[in-house]
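So you know, we letter chains A, B, ... as the sequences are listed, proteins then strands, and number each from 1. Only this structure's heavy atoms are used, side chains among them; waters, hydrogens and symmetry mates stay out.
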Amino acid sequence: MPRSIETFNYASYHNLDEIYDFMDLLVGENSKLVSKIQIGKSYEGRPINVLKFSTGGSNRPAIWIDTGIHSREWVTQASGVYFAKKILEGYGKDASLTSILDNFDIFLEIVTNPDGFAFTHSKNRMWRKTRSQNSGSSCVGVDPNRNWDAGFGEAGSSGNPCTETYRGPYPNSEPEVKAIVDFVKSHGNIKAFISIHSYSQLLLYPYGYTSKKAADQAELDALAQKAVEALTSLHGTKYKYGSIITTIYQASGGTIDWTYEQGIKYSYTFELRDTGRYGFMLPASQIIPTAEETWLALMVIMEHTRDHPY
Amino acid sequence: TETFVGHQVLRIFAADEFQVEKVKELEALEHLQLDFWRHPIHSEFPIDVRVPFDSLQGVKVFLESNGIRYSIMIEDLQSLVDEEKLFMSRQHF
């Protein structure tokens, strides 16, 4: 392992141990700005770790970013690692990021599905779900992006444990989901929630389970447009944006529908880049370009959150 | 360890909603063990699906007989997995 975050290879994919070591390294070198919080344990007992970037204060308004809830989407976890370094490097140098951190805490969950991620590195590169056992079925795992208490069980998820979009037996049945739910509720002051997936080149906002429009649709749409423009400006990567149900498909029990219904207005989900050639097997050479273009869009959303208190 | 030797990822271009529905029929056939990376939604979006070797012929015949256009996005998934592993081990070393 590298001895500092400077020598860490951000242009390569890393396994769970390496990413968790990186998080410790980050905290060890910068304990005034970043700390590690364990918000729960996965089904198989792995710690669920979140990085907290904070310049002080208590229960400040916060921005949440998570990457890799679908374990096989490796470019998202790799982007999460890059974001951590970017936040650290930017504080005190980048005026806009500094002002965000002077007013908000940022929570970053780099490996949202640790069991699934470990499984992709050891047994099945294409694993997407959690690793929980399903009573009465030999099929393993729940789609953690169908397991939230927002339209749970409605169209756009499956009741069959053997499918990739199995919703689970009940909302929050997955400890990986429950940990975030408990954290968000207990925190109570999260103002933006951004959940990052790959790949389809989309920036989406609620809703997914219903065709009703979000109350803040106009603002969410305008902000999405601005974020996508920033993203595209770097490498020309084309994104579409809109509500989940109108842009891709009906999906019930999804993360940002739940966060939006909890009152987190700026709830977004990304689908990162896809060249149309590799899908989940995006070559490591594309990690940095993907992460750096996504960072620009994240900054737009974070700046807007800072400038539009509610 | 699950291997993906001979698995291909097909990119399917449904021309209209009728063809999207035909691909959805494929999705429902569990014995084919298809893994949809991008699900059939509407004709504007391509569909990506990982097809195990044993199901390749059947899926391609189905698509061709229904006049549904497709291309091979990943010729052999395992070779990409192997490349990825090699790259990671080199970086680690």
Side-chain angles (χ1 to χ4, degrees), chain A residues 1-2 7-15 17-18 70 72-75 78 119-129 139 156-158 160-165 197-202 240 242 244-251 271 274-285 287, chain B residues 1-14 17 20-21 23-24 26-52 70-93:
Chain A
M1 282 298 293
T7 55
F8 187 86
N9 187 354
Y10 297 89
S12 178
Y13 290 116
H14 296 275
N15 63 29
D17 289 341
E18 290 166 349
H70 289 144
R72 64 190 179 184
E73 300 169 355
W74 280 12
V75 75
F119 200 69
T120 63
H121 278 273
S122 59
K123 299 276 170 39
N124 182 344
R125 173 66 183 86
M126 288 301 125
W127 192 259
R128 161 191 168 95
K129 299 190 282 185
C139 294
S157 72
S158 169
N160 177 356
C162 297
T163 62
E164 296 291 346
T165 53
H197 296 238
S198 74
Y199 66 102
S200 289
Q201 297 177 192
L202 301 167
K240 289 183 177 172
I244 297 168
I245 195 167
T246 60
T247 309
I248 43 171
Y249 46 61
Q250 185 170 14
E271 292 277 355
D274 157 37
T275 62
R277 293 186 61 189
Y278 296 103
F280 301 118
M281 304 298 297
L282 198 66
S285 59
I287 293 172
Chain B
T1 301
E2 178 88 23
T3 61
F4 305 96
V5 177
H7 290 217
Q8 292 189 342
V9 180
L10 305 183
R11 172 155 281 199
I12 300 168
F13 305 92
E17 292 312 305
V20 171
E21 290 305 314
V23 180
K24 282 182 180 169
L26 268 182
E27 196 176 20
L29 299 176
E30 288 184 11
H31 68 278
L32 294 174
Q33 294 189 295
L34 303 182
D35 173 15
F36 278 83
W37 288 10
R38 296 175 62 156
H39 290 263
I41 308 156
H42 44 75
S43 52
E44 193 187 339
F45 286 94
I47 301 154
D48 295 342
V49 59
R50 175 171 62 86
V51 186
Y70 70 92
S71 63
I72 299 172
M73 181 171 144
I74 298 176
E75 185 80 32
D76 179 7
L77 186 61
Q78 188 58 42
S79 66
L80 272 186
V81 173
D82 292 342
E83 270 178 40
E84 194 174 62
K85 275 186 183 164
L86 188 65
F87 179 83
M88 285 175 69
S89 63
R90 278 184 184 153
Q91 292 300 313
H92 199 268
F93 182 72

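- Between A:Leu282 and B:Glu84 the shortest heavy-atom distance is O-OE2, 4.5 Å.
- Here the CD atom belonging to B:Gln91 is positioned 7.5 Å from the NE2 atom belonging to A:His14, to the nearest 0.5 angstrom.
- Here the closest non-hydrogen pair linking B:Glu30 and A:Asn160 is OE2-ND2, 3.0 Å.
- Interatomic distance, A:Thr163 OG1 to B:Phe36 CZ, rounded to the nearest 0.5 Å: 13.0 Å.
- The minimum heavy-atom distance between A:Tyr278 and B:Ile74, with the atom names listed, is O-CD1, 3.5 Å.
- The shortest non-hydrogen separation linking B:Met73 to A:Gly279 is CE-N, 3.3 Å.
- Highest contact tally toward chain B, considering only A:Pro283, A:Ala284, A:Ser200, is held by A:Ser200 [criterion: heavy-atom pairs under 4.5 Å].
- Other residues, nucleotides and ligands place no more than 12 heavy atoms under 6.0 Å from the CD atom of B:Gln33.
- At a threshold of 4.5 Å between non-hydrogen side-chain atoms, the residues B:Val9 and A:Met281 do not count as touching.
- Looking at A:Met126, A:Arg128, A:Glu164 one by one, the single match for side chain to side chain contact (heavy atoms under 4.5 Å, CB included) with B:Trp37 turns out to be A:Met126.
- Residues A:Lys240 and B:Phe45 meet the side-chain proximity criterion, which asks for heavy atoms closer than 4.5 Å.
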Discussion item. What verdict does the salt bridge (Lys or Arg N to Asp or Glu O under 4.0 Å) test give for B:Arg38 and A:Asp274, after you've listed the backbone C-alpha separation in whole Å, the side-chain angles of each residue and the deciding distance to 0.1 Å?
Written reply: CA-CA 11 Å; B:Arg38 296 175 62 156; A:Asp274 157 37; 3.3 Å; yes
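- Of all heavy-atom pairs spanning B:His39 and A:Thr165, the tightest one is NE2-CG2, 4.5 Å.
- Note on B:Glu44, B:Lys85, B:Glu83: by heavy-atom pairs under 4.5 Å with chain A, the leading option is B:Glu44.
- Of the atoms belonging to A:Arg277, it is backbone heavy atoms, and not side-chain ones, that fall under 4.5 Å from chain B.
- B:Asp35 contributes atom CG, which lies 10.5 Å from atom CH2 of A:Trp127 (distance to the nearest 0.5 angstrom).
- Residues A:Gly276 and B:Arg11 come closest through the heavy atom pair CA-NH1, 3.5 Å.
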